[in-house]
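Taking it in order: structure first as structure tokens, then the write-up.
Note that the structure is a prediction, hence the values are computed from the model and not measured. In what follows, residues are counted from 1 in the order of the sequence shown. Just so you know, these numbers use all the heavy atoms, side chains as well, and skip hydrogens, waters and symmetry mates.
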Amino acid sequence: MHFLPLLVFGNIENLILAAQGVAAHVDPVGLAILSFIAVFCWLFIGTFGTKVAMKYARIINFIGGLAIFILGIQAMAGAIPGMLAFLP
């Protein structure tokens, strides 16, 4: 339960990164394979590292939330020129 906010916002981050991949015309199969590898790595780390990480839960939540926020701002800033191109 301590890491539930990271789980929720991490899924939002995955949607943002997927949108960036589509906008950059990345090969969807390669992106999917890399995404699955990343998910399995995080599953492995989460399964075996949770006991150690519990005492650092507040710091981890802050750093993870900050990283998600920065990536979201980066994704929106990258999309602005494309959005402005559609304005009359």
Side-chain angles (χ1 to χ4, degrees):
M1 291 304 292
H2 294 287
F3 297 114
L4 185 62
L6 281 182
L7 181 65
V8 171
F9 290 114
N11 284 326
I12 294 170
E13 178 189 7
N14 286 340
L15 292 173
I16 291 169
L17 292 174
Q20 284 181 318
V22 169
H25 305 290
V26 175
D27 176 32
V29 175
L31 185 60
I33 291 169
L34 290 174
S35 295
F36 280 123
I37 291 170
V39 166
F40 286 122
C41 287
W42 280 116
L43 178 64
F44 182 75
I45 291 169
T47 301
F48 298 106
T50 300
K51 290 182 182 178
V52 174
M54 287 306 291
K55 52 186 162 176
Y56 305 109
R58 287 182 175 223
I59 297 169
I60 293 169
N61 275 328
F62 175 76
I63 292 171
L66 181 63
I68 291 167
F69 178 75
I70 291 170
L71 285 172
I73 294 295
Q74 179 187 7
M76 288 188 288
I80 288 174
M83 289 172 35
L84 293 177
F86 290 110
L87 293 177

*Under 4.5 Å between side-chain heavy atoms, hopping through other hydrophobics if needed: is there a path connecting Met76 to Phe69?*
yes
*side chain to side chain contact (heavy atoms under 4.5 Å, CB included) with Ile63: which of Asn61, Leu66, Ile59, Ile60?*
Ile59
*Linking Ile, Leu, Val, Met, Phe, Trp and Tyr by side-chain heavy atoms under 4.5 Å, what else ends up with Ile37?*
Val29, Ile33
